[in-house]
Amino acid sequence: MSTSSVSKGCFVFKPSGKKKMRELGLEDHFAEGCEGAENTAARFELCQQLWDKLKTDTEALQDELNRKVLDSLLDLTRKCSTTRQHSDWASKMRASEIPTAALVLGVNVPDHDMTFQSLSELLQQSVTPHVASVQAKECGTLKHLMKRVLERLTGTAVDDEEEEEEGAEQTSTPLHKSSHCSLSTLCDWYNAKARKSSTGTPGKKRSSPTKDEHQQPPVVIIFKDLEAFNPRVLQNFILICSLYIERLPLMFIFGIATSPSTIQHMLPHSVSSLLCIELFQSLSCTQHLATVIDKLILTPQFPFKLNGKVMQVLISIFLYHDFSVRNFIKGVQLALLEHFHSQPLSVLCCKKKQALLNVTQLGHLDLERVRQLPSFKRYVERQEHQEQVSLLTDDGHLKEVCQRLIKDLRKYHKNYYPVLRCLHTLTSSLPRYPLGKQIRELHLICLEKNVSENEDYQSAMKLLKMLAKDELITLLQRCADILQSVKSKKMRTAHVQLEELLAKFKQLDSAAVETAPVVEENITSPVRNLQKKTDLFQLQKTLLEMNESRRSKKLSPFEVLRNDALEFIDGLVKSHLCPPESQTLNEACYYSSSATVRRHLNAAPRTSIQAALRTPYYYIQNDSLKTEDGSVSNAAPDICIAYKLHLECGRLINLFDWLEAYATVVSAAEGNDPDSDDYGKVDEVKHARFIQAVSELEFLGFIKSTKQKTDHVARLTWGGC
Amino acid sequence: MTALLQHPGYEDESLQRVAEQLPCREAQSAVLLSLMGQPQQYSYPSIFIYGHRASGKSHVMHVLLRELELPHATLSCVECVSGVLLFERVLLSLFGHEAAALLPRSASLSDFVRVYRQQCSLSPAEQTRFIVMEKAELLRDADANLLPALLRLQELVEDNVTVVLLSEIAWDKFRPNTGCFEPLLLHFPDYSKGELQQILSQDRHPSYSADFYSSYINILLGVFYSVCRDLRELRHLAALNFSKFCEPVAEGKVKETDTHKLWRNIEPHLKKAMQTVYLREVSSLQWEQMQQMEEKETGVVRGLSAHTHIELPYYSKFLLIAAYLASYNPARTDKRFFLKHHGKIKKTNFLKKNEKTSNHLLGPKPFPLDRLLAIFYSVVDNRVAPTASIFSQISSLVTLQLLAQVSHEDQLDAPKYKCAVSMDFICAISRTVNFDIVKYLYDFL
């Protein structure tokens with residue numbers, strides 16, 4: 001639960017209000033304060049649909065990405081459950097180590113939850129029912145750790161079918177519940193369990209007892225955050241477990257956020273020699289994000305879009321602050337919700353058919369909103385006079401035009417992403433990466449403004465013109481592959497053109513043999529002249545000549561073709577990679593309020609406290625507090641006045657001076673006559689109010705008491721950021 | 001040789017079996033036997049046995065008690081997180097379930113003594129009962145009265161019982177300052193090289209001759225004896241590397257007796273094992289897989305400590321750099337590094353006496369949060385808003401153990417931290433953000 005308070009502390013939440021809240025559906029909350037109330041239901045539904053799709057897609061993607069690591073982990077657990085029973089010489093001689101998987105997951109710990117969730121589900125499905133995962137914060141001492149492990153193992157495994165037995169056990173052993181928390185109890189439980197399962201299946205009662213022995217399901221204990229565990233607790237736990245490894249097929253999984261060498265930092269050799277550690281490295285989170293962006297953002301299938309600034313905010317939060325893919329998705333969710341909440345025209349942000357249908361159902365008010373859209377205004381200006389009038393007055397006509405515009409927008413997206421990918425494949429391997437290494441950087445550039453006007457784009461094109469033939473051909477081939485899979489008329493023609501170019505390149509190979517010597521002759525002849533003894537003047541002359549001849553020289557067929565190909569790419573970029581702001585009706589699909597996203601996701605508590613103290617009007621919404629010049633009205637809350645006054649002081653503040661100043665301001669607020677004797681006098685009430693304000697400021701961390709001077713306090717903040 | 005053990009009151013046959021199972025520990029077991037006396041005789045109340053890891057303490061006790069069929073309870077003190085658990089274990093193994101169930105929920109020592117007396121009056125001891133406690137050094141951390149009470153348990157419960165404490169630590173470190181009953185001390189010395197050879201040679205591979213295996217052990221000890229005398233570990237290593245040793249024999253290239261060639265074959269392999277699998281850089285499973293692979297592929301597996309790279313968010317890197325600077329630079333020098341017009345400060349005049357030694361030799365010093373943030377803001381190249389996520393990054397660096405919180409967790413006001421990463425690590429981190437940290441370190445001016 002969260003509070004609106006900015007301070008750290010304990011808060012009591014009474015549960016009584018909760019039930020009433022729940023009766024209000026999500027939808028009602030959505031409709032609250034929503035702009036354009038007529039179609040909230042439709043928008044809410046669309047928003048829900050899109051979010052569900054986004055959620056399932058990301059989950060599927062996550063599973064896909066983790067599959068490799070998880071599969072090898074599962075293999076390890078299976079292997080350790082089968083190799084245990086080997087009775088050959090070597091395994092008898094070997095110290096029985098506890099098989100351990102060290103799973104390196106990257107620094108963002110909250111993201112790990114999902115991985116561990118799916119890991120333990122997979123384990124339970126396919127290898128063993130006995131899986132317990134523990135977190136450091138619930139296991140401060142060895143006793144607690146033991147208790148958690150036992151609870152998780154026996155609690156989850158003893159399910160409803162044995163409820164009676166469990167009940168009976170509970171009545172007989174309530175006295176010793178805590179003292180029974182030891183691994184020997186677990187051993188007994190495990191043996192009982194194994195015996196039950198082997199006799200429980202009547203089909204193969206006596207026929208294969210040995211086989212059952214072999215397939216003892218291992219007991220897996222997952223330590224979710226290894227770094228946070230108390231090393232002593234962990235060491236002792238491992239020591240105890242190693243005592244029981246003969247009887248209990250234990251296995252550990254360590255979730256590691258930093259690097260595997262932490263194991264060695266935490267465990268001495270005497271303990272780590274009890275483990276047989278296998279290392280598993282999961283995908284790095286930057287790669288993970290790249291895949292998420294590639295699969296979910298850079299696709300025309302998802303109608304909701306983020307504009308450049310919002311995208312920038314989300315990506316920089318990821319890169320600068322948390323490395324958390326989950327938070328990135330949360331950010332997208334927030335943007336989605338905000339978009340549908342604040343933009344009435346977001347009804348058009350959905351699949352093509354439904355969008356067209358929704359256009360026909362737009363009311364007059366909505367159509368007025370369409371006319372207000374900046375992109376639509378620009379569109380109108382481009383039309384002829386007659387058309388302009390009918391667009392602005394005739395609702396029916398506008399609806400038709402809107403349908404066409406929506407189709408155009410869809411086509412724009414359909415062409416945008418393939419061309420973006422083509423451009424990225426071409427430029428991503430250039431030296432110094434003029435257009436970025438990752439496709440998301442290129443995407444941001446394209447969202448910002450016309451990429452073809454970008455300087456980096458020009459230099460990238462120049463670099464491309466210097467590419468060798470085989471490099472260029474492979475890159476173009478990859479572009480052709482990208483274009484091939486797109487179902488759009490323009491892209492199909494582009495693909496055909498590209499294939500033709502490629503074919504020409506290949507033809508060159510055969511033609512080149514004949515033309516090559518001639519070209520060489522041309523170039524080498526002046527150089528050959530140089531070989532003779534020359535003076536400086538002649539050298540200059542020949543060099544100039546050479547330069548001249550090179551400029552006027554006929555380009556080789558490869559160069560001609562290369563220029564053609566690049567011009568073709570340039571044409572594609574110019575026609576398809578224009579920024580979305582240039583598209584009419586883009587406001588329906590693009591969410592653009594980056595400030596909102598930043599405010600919600602990257603909160604700055606100090607800034608907002610200062611804003612509240614400086615301009616109380618925004619928070620209290622009391623008109624009398626409104627001031628023009630940014631000063632604080634004298635009727636503002638005491639703390640605001642005290643804050644304002646303290647800003648005028650130096651490092652040390654004399655409390656008495658401060659009190660005097662405060663009293664003067666407050667007297668003015670009370671409307672006392674400035675000439676009277678009482679004016680500015682400190683009475684008891686004012687004194688008390690002042691003291692309270694000062695202690696509140698101290699609590700907020702603006703001042704603190706100091707020992708340097710009596711009745712002074714020290715200021716702790718400088719400047720106004 | 002095995003007929004040395006003789007003691008009245010025990011059958012010769014079982015003594016024979018004991019002797020067979022305890023090679024190179026004849027002297028110690030003989031002393032123990034004479035201390036234990038005949039089964040029905042009262043023994044000394046408490047015996048303290050100490051010796052290094054894997055010097056046979058537990059093994060000797062186990063074999064003696066098991067083969068001579070004496071009533072006993074064996075428990076490891078690591079497992080007994082509370083006294084209650086310990087009492088329960090003892091009662092359980094000496095008197096059975098009913099006795100253990102008699103203990104109240106949070107039993108004290110006197111409860112234990114009461115239940116014990118009650119039980120032993122029901123079934124008086126015909127033979128000496130033994131309570132063996134492994135890793136007894138942990139008893140020092142338990143309740144203050146537990147160790148003294150265990151030492152004179154015989155008196156307390158008035159029963160023929162002997163407590164045997166096994167530990168890797170000498171008795172001098174145990175003695176409580178209130179004084180206590182002195183147990184009989186018995187030291188188990190480390191196995192000598194010859195003894196190790198003798199013991200290890202006993203578990204030979206069934207399909208090879210004893211001489212062959214013994215020569216293998218000889219080579220193994222030649223490599224490992226200087227670094228490891230732990231019998232358990234040596235046995236483990238012997239098992240892991242034996243297949244490699246046998247390889248030329250199995251292929252028919254070398255005869256079993258050609259020790260020199262075998263040595264040449266195995267020695268580099270064992271050296272490699274010492275650097276990897278012995279240190280647990282590479283797990284034994286991976287080691288075995290590596291052996292099966294071809295020579296050229298073996299370079300692929302990297303040890304655990306080779307993976308030190310950590311990916312961090314951009315600001316976390318700078319926070320860590322700032323923390324490092326705050327930990328290793330004296331606070332007074334901050335002015336010099338982070339102020340534009342600091343004036344020249346000469347190193348020698350400026351120093352206090354104790355600061356003349358390298359700060360890196362002294363280790364990280366604690367610093368307050370304010371200083372960390374001040375350095376952070378001046379180190380980061382662009383303006384950073386003091387958002388909540390900057391602060392949460394500090395606490396997540398603490399959970400990742402890259403920073404250590406020095407002040408108590410409950411202290412919200414001006415918490416103090418220490419930087420817990422090494423110089424190499426921080427250099428690698430600052431290289432990724434193009435920050436020349438050495439220029440900012442006072443030690444390297």
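Hydrogens, waters and symmetry mates are skipped; everything else that's a heavy atom, side chains included, is used. Because the structure is predicted, anything quoted here is derived from the model rather than measured. Lettering of chains follows the sequences in order, A, B, ..., and the numbering in each one begins at 1.
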Comparing A257(A), A136(A), S272(A) against chain B, the one with the most heavy-atom pairs below 4.5 Å turns out to be S272(A)
Can you tell me which of G106(A), C285(A), S261(A) forms the most heavy-atom pairs within a distance under 4.5 Å of chain B? S261(A)
Go through V109(A), I277(A), T262(A) and name the one with the most non-hydrogen pairs under 4.5 angstrom from chain B. I277(A)
For chain B, which candidate among P260(A), S284(A), A604(A) shows the most heavy-atom pairs at distances under 4.5 Å? P260(A)
What closest approach, in Å, do A388(B) and P605(A) show between heavy atoms, and which atom pair accounts for it? N-CD, 3.7 Å
Go through the atoms of D322(A) and report whether side chain, backbone, both or neither lie under 4.5 Å from a heavy atom of chain B. backbone
Checking heavy atoms, do the side chain of H321(A), its backbone, both or neither come under 4.5 Å from chain B? both
More than 12 heavy atoms from other groups under 6.0 Å of NE2 on H62(B): yes
Rounded to the nearest 0.5 angstrom, the CG-OG distance for N236(A) and S76(B) is 9.0 Å
Counting only heavy atoms closer than 4.5 Å, note whether S389(B) contacts chain A via side chain, backbone, both or neither. both
Inter-residue atom distance L402(B).CG - T258(A).OG1, 0.5 Å rounding: 6.5 Å
Atom NE2 of residue position H52(B) - does it have more than 12 heavy atoms of other residues, nucleotides or ligands inside 6.0 Å? no
So, the part of F242(B) with a heavy atom under 4.5 Å from chain A: the answer is side chain
In this structure, are over 12 heavy atoms from other groups packed under 6.0 Å from K135(B) atom NZ? no
Applying a strict 4.5 Å limit to non-hydrogen atoms, the region of L275(A) in contact with chain B is backbone
Which heavy atom of F323(A) sits nearest a heavy atom of P313(B), and at what distance? CE2-N, 3.6 Å
Return the CD to OG distance between E88(B) and S184(A), rounded to the nearest 0.5 Å. 8.5 Å
To the nearest 0.5 Å, tell me how far R232(A) CZ sits from D141(B) CG. 6.5 Å
Between Q401(B) and H265(A), is there a side-chain heavy-atom distance shorter than 4.5 Å? no
Side chain, backbone, both or neither: which part of E311(B) has a heavy atom under 4.5 Å from chain A? both
D230(B) versus S270(A): any side-chain heavy-atom pair under 4.5 Å? no
CZ/R148(A): more than 12 non-hydrogen atoms of other groups inside 6.0 Å: yes
Could you list the residues that satisfy salt bridge (charged side-chain N to carboxylate O under 4.0 Å, His left out) with R89(B), not counting sequence neighbours? E79(B)
For chain A, find which of L240(B), L400(B), V78(B), T387(B) contributes the most heavy-atom pairs closer than 4.5 angstrom. T387(B)
Please look at L239(A) and chain B and tell me whether the side chain, the backbone, both or neither of the residue comes under 4.5 angstrom of a heavy atom of that chain. side chain
